[in-house]
Structure formats: C-alpha cells, structure tokens
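Encoded as structure tokens, the structure appears first; notes follow it.
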Amino acid sequence: WILFFFLNRLVFISYHFDKLKGVGFSELASTFYHAIYLDISAACYLVALPFFFIFFQSLFLTKFFLQVNRFYSFLMIMVVSILVSAELGVYDEWGTKLNAKALLYLEHPSEIFRSATWGMLISGTIFILLQSAFGIYFYQKFIYSANTFPPGKRFYSIVFFILMPGFLLLGIRGGWQPIPIHQSDVYFSKNNFLNNAAVNSSWNMMQSIFQNKRNLNKNPYSFFTLNESKNRVAEIYKTNKDTTEIIVTQNRPNVVIFILEGWSADVIESLGGEKGVTPEFEKLASEGLLFTKCYSTGERSEQGIAAVLSGFPAQPNNSVIGEPSKYPRLPCINSKFLNAGYSTSFMFGGQLNYGNIKGFIYFSR
C-alpha cells in the first residue's frame, strides 16, 4: 500500500505539473517523505480486515480466506484508484482534496457527466485503469501467496493475533504522541499544492466522512425559520448611529495578538473577578481600551483560533479548521496583514498539530 500511495501521489503531481512553478527538486521530493506518516496510517486502516483473514487462514488451513483476502485487496485497489483519479479533476475546480461533499453529488450522477468535459472523463478513466492494473499486478506478483500455513504452527498464529493489533492501532494513530495524527502533520511547505499532495487521499476522505456523517443529509443549524433568523440577525447588527472610535495613533502600528487560552473573567478584577490575580493585565487594561462584553465562541483551541484569526464562529459538531477543504474560502487576518506589507509570524505554546491548527497556519501564511 505504501508503494501504491507513492504511485497515486506521483500521478497527482504529474497531472498538476503546472502548479510546480518555482518548486525545487528537493522540496518536491520532501512531499513524498512527509507524506509517509498519513500513508502508514491509511495502510493500517486498509490492512485491518486482511489481518483477520490471515489469522483465520492460519487457524483453519483453508484457501477460502486467502481468496476473500485477494478479492478484498483487488476491490480496495480499484476504490483507491477511482478516488485518486476523481480527485484529479476536482482539484482544479475546488482547489482541495476530494472530501465528503463529493458524496452528495453521487445522488445525481447525470449532473457529474454534464459538468465534466470529455477530456476529463477519458483521462480519468485511463488513470483508473492504469493505477488499478498496476496495483493488482504488483499485489498478485509480489504480495499474494496461495500457500497455506503449515500444520502445527498455531502457536505462531496466536502470537500473531495478540501482537499485530497493537502495531496496527499504533500505525493508525500515527505513533505514541499525545495527539493522534491529522492532516496538518504532513504540511511542511509554503506551497499549498505540495501540502495537499502530501495528504493521503484515502485517509483524507475517511476523515472527512467521519467528521461530516451527521450533517451529510441535514442542516444542523435549523433552529428557526428563515424569516425569524433574518429578523434576529438584523436586530443584532442594527445601529442608530455610527459609534466608531479611532484609538490608534500611528498609521502602521506594530500589532501583537496574544491569545490567552483558558482565561476567564473570574480572575480579572476589572471584569468583576478576583482581586490581585492578574496585576499586569490590569495595568494593560488601565492604559488601553478594555472590551467588557466579549464572550467565548467555543470551548476548544481550534475553535478559538478560527474565531480570533478568521472571525469564524464555533461549530457545534466540529471545527472549520479541521476541514482543509474550507481553507481556500476562509478569511484570515494574517493574509490581510501580508497584503498590507507587514511581515507576520505565529508562535504557539502547545502541540501545533492539535485540531489541525498547523495546517491552517501553513495555508494562511
């Protein structure tokens, strides 16, 4: 599977060769190196069922489970080939990897054929056939074995059954680190095409489906009728007069944003909290402008990052940062500063890959 993913990535990069302008060979090669983390995780997912097939084969010494394993492997090779090939055309249109959103279009397959060009359909079919043929040939030639386990080796079968799940789970999780592997773990470049190329297509699709399964067929935000929602929003943004106050005295001030996670008004005296807990903050508040009616938009780090840097409210089921497909349309204050001629940096006192924060920062810088 690792070799097959290497082929998939090579096809993806070759198809979008025009996006490699200004990319050096070493940086391009780094794509395959950094991709190995998600590739291993995806491979462990895919060989979870074959683990049971091989185990039962070793116990019952019948070729039935070998045949089932071969059929499963062929099927998964074709599924991954279809996924990767479909992604070739989608990436040009969406600028993102294939995700759960694409599944909604399967309800109307005629729309897909009407919107796709003949060139896209023909090239996609060719890539599906070529990748599937290569994968099946390689598996049949070097991986599959019709030999049954020799009798009297059930002790090894038991050891295999006890030890192997731990290795599979470790590979799926991405290692011993506190936070399980995520897309941002393979982000490494200022070129977002290379970052997308490093993300395993199969892993990304599984993750996207898992995150969006509760919302694929319904809108989780339908609490009011459309008219009620419009009236409430209009009331919130209603202003009787312009209340804007200019507090900045320099045309190009140095801007530093401190995001203090876990801080509460309960420990800030000027907001009615305990006295003497935050004396330095009280000094800043007395010298500057303190907003006394700010409220938390969520309860987790990635929700706060999205709110502070992008003005995006927290979502009830997941975070927008957790879905790289949203990045191209997600505003970021960092981009505004860059366009204004500022240089920017981001420092985070924790696990940067938590909640895919690393991926969002890489994309927006």
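- Using a 4.5 Å cut-off between side-chain heavy atoms of Ile, Leu, Val, Met, Phe, Trp and Tyr, V267 falls into a hydrophobic cluster with V256, F258, L260, W263, I268, L271, V277, F281, L290.
- Defined by atom type and a distance below 3.5 Å, a donor-acceptor pair is missing between the side-chain atoms of N195 and Y362.
- Checked by atom type and distance alone, the side chain of Q183 never pairs as donor or acceptor with a backbone atom of P324 at under 3.5 Å.
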Output, in order, the C-alpha distance, side-chain angles, deciding distance and verdict of side-chain contact (heavy atoms from CB on, under 4.5 Å) for L38 and D185. CA-CA 8 Å; L38 276 185; D185 283 289; 5.9 Å; no
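- In this structure, the side chains of F360 and L330 come closer than 4.5 Å at one or more pairs of heavy atoms.
- A donor-acceptor pair under 3.5 Å links the side-chain atoms of T297 to the main chain of A314, judged by distance alone.
- A cation-pi arrangement is present between R252 and Y342, with the terminal nitrogen or guanidinium carbon under 6.0 Å from the aromatic centre and inside a 45° cone about the axis.
- Aromatic ring orientation, F32 versus F6: tilted (interplanar angle from 30° to 60°).
- Each of S202, S132, S85 was compared with V80 under the side-chain contact (heavy atoms from CB on, under 4.5 Å) criterion, and only S202 meets it.
- Looking only at distances, a side-chain donor or acceptor of S264 sits under 3.5 Å from a matching main-chain atom of D266.
- The six-membered or imidazole ring of F138 lies away from that of F4, with a centre-to-centre distance of 6.0 Å or more.
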Identify each donor-acceptor pair in which a side-chain atom of residues 20-30 lies under 3.5 Å from a protein atom, sequence neighbours left out, and give them as a table.
| residue | atom | partner | partner atom | Å |
| --- | --- | --- | --- | --- |
| E27 | OE2 | S189 | OG | 2.5 |
| S30 | OG | S26 | O | 2.8 |

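- At distances below 3.5 Å, at least one donor-acceptor pair connects side-chain atoms of K97 with backbone N or O atoms of V199.
- Under the 4.5 Å side-chain heavy-atom criterion for Ile, Leu, Val, Met, Phe, Trp and Tyr, I321 and I259 are members of the same hydrophobic cluster.
- Going from atom CD1 of I257 over to atom CD1 of I333 covers 4.0 Å, rounded to the nearest 0.5 Å.
- Taken to the nearest 0.5 Å, the CZ atom of F5 stands 6.0 Å off from the CG atom of D39.
- Here the side chains of M76 and Y72 are in contact, with some heavy-atom distance below 4.5 Å.
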Step by step, work out the ring-ring contact (aromatic ring centres under 6.0 Å, His included) result for F127 and F12.
-> CA-CA 10 Å; F127 281 121; F12 181 80; over 10 Å; no
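- Checking side-chain atoms of N69 against main-chain N and O of F65 turns up no donor-acceptor pair under 3.5 Å.
- Shortest non-hydrogen contact noted between C44 and G171 is SG-CA, 3.6 Å.
- Cluster annotation: I82 and I126 are assigned to distinct hydrophobic clusters (Ile/Leu/Val/Met/Phe/Trp/Tyr, side-chain heavy-atom contacts under 4.5 Å, transitive).
- Of the possible donor and acceptor atoms, none in the side chain of Y187 sits under 3.5 Å from a partner among the backbone N and O of N196.
- Counting non-hydrogen atoms of neighbouring residues, nucleotides and ligands closer than 6.0 angstrom, the CZ atom of R173 exceeds 12 such neighbours.
- Taking the six-membered ring where the residue is Trp, Y33 and Y37 present perpendicular rings, their angle passing 60° and hence far from 30°.
- Applying the salt bridge (Lys or Arg N to Asp or Glu O under 4.0 Å) rule to pairs touching residues 123-133 yields nothing, sequence neighbours excluded.
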